[in-house]
Amino acid sequence: MKFDLVHKDPLSKARAGSITTDHGVIETPIFMPVGTVASVKGVHQRELKNDINPDIILGNTYHLYLRPQTEILEKAGGLHKFMNWDRNILTDSGGYQVYSLSSNRKIKEEGVKFKSHIDGSYHFFSPENVMEIQRTIGADIIMAFDECTPYPCDYRYAKRSMHMTHRWLDRCIAHLDKLPFKYGYEQTFFPIVQGSTYKDLRQQSAEYIANVGAQGNAIGGLSVGEPAEEMYAMTEVVTAILPEDKPRYLMGVGTPVNILENIALGIDMFDCVMPTRNARNGMLFTANGSINIKNKKWEADFSPIDEMGITFVDTEYSKAYLRHLFAANEYLGKQIATIHNLGFYMWLVREARERIIAGDFYQWKEKMVKQMSQRL
Ligand SMILES: CNc1nc2c(CCc3ccc(C(F)(F)F)cc3)c3[nH]c(N)nc(=O)c3cc2[nH]1
């Protein structure tokens with residue numbers, strides 16, 4: 001993997017860059033649509049390419065391991081082939097999903113024992129077997145097996161959890177070195193900074209991760225319920241220590257405002273379920289604020305969904321029609337809203353990149369943060 005920084009903003013830590021992998025170039029700042037079980041819910045790969053056009057999407061080790069299971073993915077020649085997606089894929093290591101999805105799980109030094117949310121069967125993730133699973137899935141960027149420290153937690157727990165994540169990181173690296181690439185293209189490993197919302201622990205963890213010298217670095221343990229100010233404060237502490245010439249991925253972030261604020265703090269990569277999950281609930285994000293399309297006020301509003309939208313749904317369908325589809329619980333409604341929201345998130349980070357290159361990102365960000373916070 002190669003990362004070229006093409007521009008830095010004069011009034012903030014925002015950067016514009018390009019990540020090059022064997023599956024193409026990723027222009028940063030980038031938003032990565034969540035494709036949990038080898039699909040961005042309700043969107044065809046062709047629509048994804050033509051209308052939303054992400055350089056990279058996310059896949060999930062926890063889900064893919066349970067279904068369709070790694071044996072099938074291996075026979076398919078990896079996830080790219082299996083889902084007919086020839087651009088970049090990043091997989092999370094499953095640690096977070098076990099913590100957030102599995103009913104009962106037991107975290108020990110060796111690894112995590114968990115119960116499948118699908119059929120109740122018991123499984124075990126360790127740094128070692130998760131590296132093997134991610135090699136088999138074949139994503140271009142793979143994540144360390146970490147413990148996403150729950151929030152809130154006391155200092156002692158956060159410290160112990162951080163040190164275990166560091167020991168697991170060492171085990172990931174030691175094991176990965178013995179596992180050759182399976183499908184003829186490179187896979188890049190990102191370690192993950194923890195430390196909860198304690199400044200000194202975040203500094204320690206950022207130093208430990210920076211020392212690994214990886215091609216990219218992630219910040220975990222945030223967007224887990226902490227106030228936005230805490231998220232920004234921890235991001236600031238960590239980006240001051242992580243190497244400037246490597247991409248930074250802030251996991252699970254966030255709202256449009258969170259994304260702009262963290263771009264200003266030096267973050268390059270984002271993922272979040274909000275655009276897709278909120279869409280299925282009728283919550284649309286726009287440059288002028290958010291719309292709850294189920295609201296009666298849109299019943300006879302025949303204006304386009306979003307005059308400034310970048311996808312075909314924004315101009316080809318009206319607010320009244322989309323509201324009707326939700327009222328009738330028509331599947332098409334969820335699909336239209338999902339394409340709109342993903343389109344908006346892609347527009348937001350692309351516009352941020354253009355502004356960083358043009359040199360007026362900071363002023364634009366200040367204006368957008370106010371404008372997007374309105375409720376329409
Ligand atoms: C929502 N907040 C949040 N999400 C977080 C995530 C998940 C990110 C993710 C990746 C891939 C998918 C996929 F389903 F699309 F594949 C879905 C979600 C974290 N992941 C790890 N490893 N460590 C963390 O410390 C961490 C903290 C996180 N805060």
Side-chain angles (χ1 to χ4, degrees), residues 30-41 43 48 54 56-67 73 79 83 85 88-102 105 107 111-112 117 125 127 130-131 133-134 137-153 158 161-162 164-166 168-169 172 189-197 201-202 205-206 209 216-228 230-231 234-235 238 248-255 258-259 262 267 269-278 338 342 345:
I30 181 85
F31 176 75
M32 305 182 280
V34 169
T36 313
V37 274
S39 108
V40 175
K41 294 189 186 334
V43 183
L48 207 49
I56 179 169
I57 61 170
L58 287 179
N60 193 301
T61 299
Y62 169 82
H63 291 87
L64 293 166
Y65 160 81
L66 290 175
R67 186 170 51 191
L73 292 174
L79 181 59
M83 68 182 288
W85 179 258
N88 284 285
I89 298 175
L90 180 151
T91 43
D92 195 5
S93 52
Y96 178 84
Q97 286 74 30
V98 167
Y99 150 77
S100 63
L101 279 169
S102 172
R105 69 209 180 279
I107 298 179
V112 181
H117 73 289
F125 273 172
V130 162
M131 290 301 109
I133 295 165
Q134 290 191 91
I137 293 171
D140 302 278
I141 301 175
I142 62 176
M143 304 309 293
F145 187 64
D146 63 330
E147 183 193 3
C148 173
T149 310
Y151 177 85
C153 75
S161 170
M162 176 193 76
M164 185 166 73
T165 283
H166 293 173
W168 282 1
L169 171 58
C172 288
F189 173 83
F190 279 19
I192 304 172
V193 176
Q194 292 293 340
S196 186
T197 53
L201 297 183
R202 280 284 169 185
S205 192
I209 268 65
N217 299 296
I219 303 175
L222 291 175
S223 186
V224 285
E226 78 285 354
E230 290 272 7
M231 175 204 285
M234 293 305 109
T235 301
V238 172
R248 292 109 173 225
Y249 167 22
L250 179 55
M251 306 188 85
V253 174
T255 67
N258 290 159
I259 287 180
N262 281 297
I267 299 296
M269 301 164 74
F270 299 90
D271 85 86
C272 187
V273 292
M274 279 185 88
T276 43
R277 188 175 291 168
N278 285 23
T338 298
L342 286 176
Y345 266 65

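Note that ligands are numbered from 1 as they come in the structure, with each ligand's atoms numbered from 1 the same way.
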(message) For the aromatic rings, using the six-membered ring if either is Trp, is the centroid distance between Tyr345 and Phe270 under 6.0 Å?
(response) no
(message) Measuring only between side-chain heavy atoms, which start at C-beta, is Met251 closer than 4.5 Å to Met143?
(response) yes
(request) On the 0 to 90° scale, with breaks at 30° and 60°, tag the Phe125-Tyr65 ring pair as parallel, tilted or perpendicular. (result) perpendicular
(message) I'd like to check whether Gln97 has a polar contact with ligand 1, where a contact means an N/O of the residue lying under 3.5 Å from an N/O of the ligand.
(response) no
(request) Measure the spacing between CG of Leu64 and CE of Met83 and express it to the nearest 0.5 Å. (result) 9.0 Å
(request) Report the part of Asp146 (side chain from C-beta onward, or backbone N, CA, C, O) that has a heavy atom under 4.0 Å from ligand 1; answer both or neither where that applies. (result) side chain
(request) Return the orientation label for the His117 and His63 ring planes: parallel under 30°, perpendicular over 60°, tilted otherwise. (result) perpendicular
(message) Below 4.0 Å, non-hydrogen atoms only: which portion of Gln194 touches ligand 1? Side chain, backbone, both or neither.
(response) side chain
(message) With a heavy-atom distance limit of 4.0 Å, tell me whether Ser93 approaches ligand 1 through its side chain, its backbone, both, or neither.
(response) side chain
(message) For atom 6 (C) of ligand 1, what is the closest protein heavy atom, and at what distance to 0.1 Å?
(response) Tyr96 CG, 3.4 Å
(request) May I ask which of Thr91, Leu58, Asp92, Ile89 has a heavy atom nearer to atom 21 (C) of ligand 1 than the others do? (result) Asp92
(message) I'd like to know if Leu222 contacts ligand 1, where contact means a heavy-atom distance under 4.0 Å to any ligand atom.
(response) yes
(request) Give a yes/no on ligand 1: does Gly95 have at least one heavy atom closer than 4.0 angstrom to it? (result) no
(request) Only heavy atoms count here, so choose which of Val273, Asn60, Val40 is nearest to atom 13 (C) of ligand 1. (result) Asn60
(request) May I ask you to check whether Gly221 has an N/O atom sitting below 3.5 Å from an N/O atom of ligand 1? (result) yes
(message) Below a 4.0 angstrom heavy-atom separation, can you tell me which part of Met143, side chain or backbone, both or neither, approaches ligand 1?
(response) neither
(request) Kindly confirm or rule out an N or O of Ser223 lying under 3.5 angstrom from an N or O of ligand 1. (result) yes
